[in-house]
Amino acid sequence: MPELPEVETVARGLQQLVAGRRIVSVSLGKTDFIDDPVALEQRLPGRTIERIERYGKFMLLRLSADAQPATPEPAAAALLVHLGMTGNLAPAPAAQPSEKHTHVRFLLDDGRELRYIDPRRFGRMAYLEKDTLSIELQRFGAEPLLVGKNEFAERILSRRAQIKALLLNQSVLRGIGNIYADESLWRAKIHPAKLGSSLTPAEAESLRKALQHILERAIVLRGSSISDFLDADGQPGEYQQHHRAYGREGEKCYRCKTLIRRIIVAGRSSYFCPYCQRAPKRKPVAKRKTKRKVGAKTSKG
DNA sequence: CGTTGAACCTGTTTGC
DNA sequence: TGCAAACAGGTTCAAC
């Protein structure tokens, strides 16, 4: 469900709704998606949620110092939350009955509960302090909204993997998922199966621009709600109305009217326009020798 | 390095 | 109608 724009939307909502609130107690249901459930129960009560940040597809609930820290130095701590495919985190009145698949409830000091609901439990929750937190965050690549031309080009052009796989790889860029990968490739007119190293610098820059444009627009519209995504206020997003490729198999391309196709790339459904996004040249099927055409590459500055 | 498929779960949609 | 298969916004891991 949630990619960068959806997570950003939830994080902003939570910042408005629960930042500054103190956690009174923690109630757990199923815990197989929590790194260390006991740590949540023991370390969170009494702590204040100081602010909510987004890091790729993660939310970081930054916590106040522990009144009785286990270590002498109060370590900067956070609750790391990943929504997986079907996760949601939102406040509700404590007296309100919990929805099915509510696995974590944080009782707040104002009579509400911050509830984590996740039918498939593909999400993740972890209480982390300074060192473990910074190690955890180091695995991730550049922030798509901030990455500059040069860094983006370096990260893409140096790789022989398919561009779709690179966009989905969180250690290359953090926060892109299947929807926004397809949408940005459509906008930049790049076939999802092209290798990163086969893009020209101009194509890479076009892709970066497309990505940033789409993500910013999607955030304004509070993300895409395909089936059940709701923000912290319980509102659906609207960006699904603006999808140009994702989910549009058999419908007309908005640019050229060619029918959008769906293929599997990097193990994921990939929607693209076969006319606007030309397929890469197929690899020669291991012939004797590949003869190079003389004078075939005339490049201009 | 890179690809593929399976696994982790539940719910919904599609097809026969 | 009924049942099974396919599919879903994500990530990780083993095998090759």
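The analysis underlying the following values was restricted to heavy atoms, covering all of them including side chains, and did not include hydrogens, waters or symmetry mates. Chain letters run A, B, ... following the sequence lines, proteins first, then strands; residues in each count from 1.
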With the threshold set at 4.0 Å, does a side-chain nitrogen-carboxylate oxygen contact exist between Asp32(A) and Lys30(A)?
->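 No, Asp32(A) and Lys30(A) are not salt-bridged.
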Does Lys57(A) pair with Glu3(A) as a salt bridge, N-O distance under 4.0 Å?
->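 Glu3(A) and Lys57(A): not salt-bridged.
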Give a yes/no answer on whether the side chain of [X] brings an N or O atom under 4.0 Å of OP1 or OP2 in [N].
| X | N | answer |
| --- | --- | --- |
| Ser269(A) | dC7(C) | no |
| Arg139(A) | dT11(C) | no |
| Gln170(A) | dG10(C) | no |
| His101(A) | dG11(B) | yes |
| Lys57(A) | dT11(C) | yes |
| Lys100(A) | dG11(B) | yes |

Sequence neighbours left out, cut at 3.5 Å: what donor-acceptor pairs do the side chains of residues 211-218 of chain A make with other protein atoms?
unit_1	atom_1	unit_2	atom_2	d
Gln212(A)	NE2	Pro144(A)	O	2.8
Gln212(A)	NE2	Val147(A)	O	3.1
His213(A)	NE2	Arg187(A)	NH2	3.4

Whole angstrom value for the distance that separates [atom2] of [N] from [atom1] of [X]:
| X | N | atom1 | atom2 | value |
| --- | --- | --- | --- | --- |
| Leu195(A) | dT3(B) | CG | C1' | 12 Å |
| Asp182(A) | dG10(C) | CG | C1' | 15 Å |
| Asp118(A) | dC9(B) | CG | P | 12 Å |
| Tyr271(A) | dC7(C) | OH | C1' | 9 Å |
| Met59(A) | dG10(C) | CE | P | 15 Å |
| Asn88(A) | dG10(C) | CG | P | 15 Å |
| Tyr246(A) | dC7(C) | OH | C1' | 9 Å |
| Arg160(A) | dG2(B) | CZ | P | 9 Å |

Which value, rounded to the nearest 0.5 Å, describes the distance between Thr102(A) atom OG1 and Leu28(A) atom CG?
->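 Interatomic distance, Thr102(A) OG1 to Leu28(A) CG, rounded to 0.5 Å: 12.5 Å.
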Quick check: are there more than 12 heavy atoms from other residues, nucleotides or ligands sitting under 6.0 Å from CD of Glu99(A)?
->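 No - once you tally the heavy atoms of other residues, nucleotides and ligands closer than 6.0 Å, there are 12 at most.
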Do Arg120(A) and dC9(B) have a side chain to base donor-acceptor pair shorter than 3.5 Å?
-> yes
Does the ring of Tyr271(A) carry Arg248(A) above it, NZ/CZ under 6.0 angstrom from centre and within 45° of its axis?
->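 Because its charged atom misses either the 6.0 Å distance or the 45° angle limit, Arg248(A) does not stack over Tyr271(A).
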Phe58(A) ring centre to Arg54(A) NZ or CZ under 6.0 Å, with the angle to the axis within 45°?
->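 Checked: cation-pi criterion not met.
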What would the secondary structure line of DNA chain B be in dot-bracket form, counting Watson-Crick and G-U wobble pairs under 3.5 Å, with [ ] for pairs that cross earlier ones and | for pairs with another strand?
-> .|||||||.|||||||
How far, in whole Å, is [M] from [N] if one measures between their [atom1] atoms?
| N | M | atom1 | value |
| --- | --- | --- | --- |
| dG9(C) | dT3(B) | C1' | 23 Å |
| dA6(B) | dA6(C) | C1' | 16 Å |
| dA7(B) | dA5(C) | P | 15 Å |

Under 3.5 Å, side-chain donor or acceptor atoms of residues 165-172 of chain A against the rest of the protein: list the pairs with distances, not counting sequence neighbours.
unit_1	atom_1	unit_2	atom_2	d
Asn169(A)	OD1	Ser171(A)	N	2.9
Asn169(A)	OD1	Ser171(A)	OG	2.8
Gln170(A)	OE1	Gly175(A)	N	2.7
Gln170(A)	NE2	Leu168(A)	O	3.1
Gln170(A)	NE2	Ile176(A)	O	3.0

Does the ring of Phe122(A) lie flat against the base of dT11(C), closer than 5.5 Å centre to centre with planes under 30°?
-> no
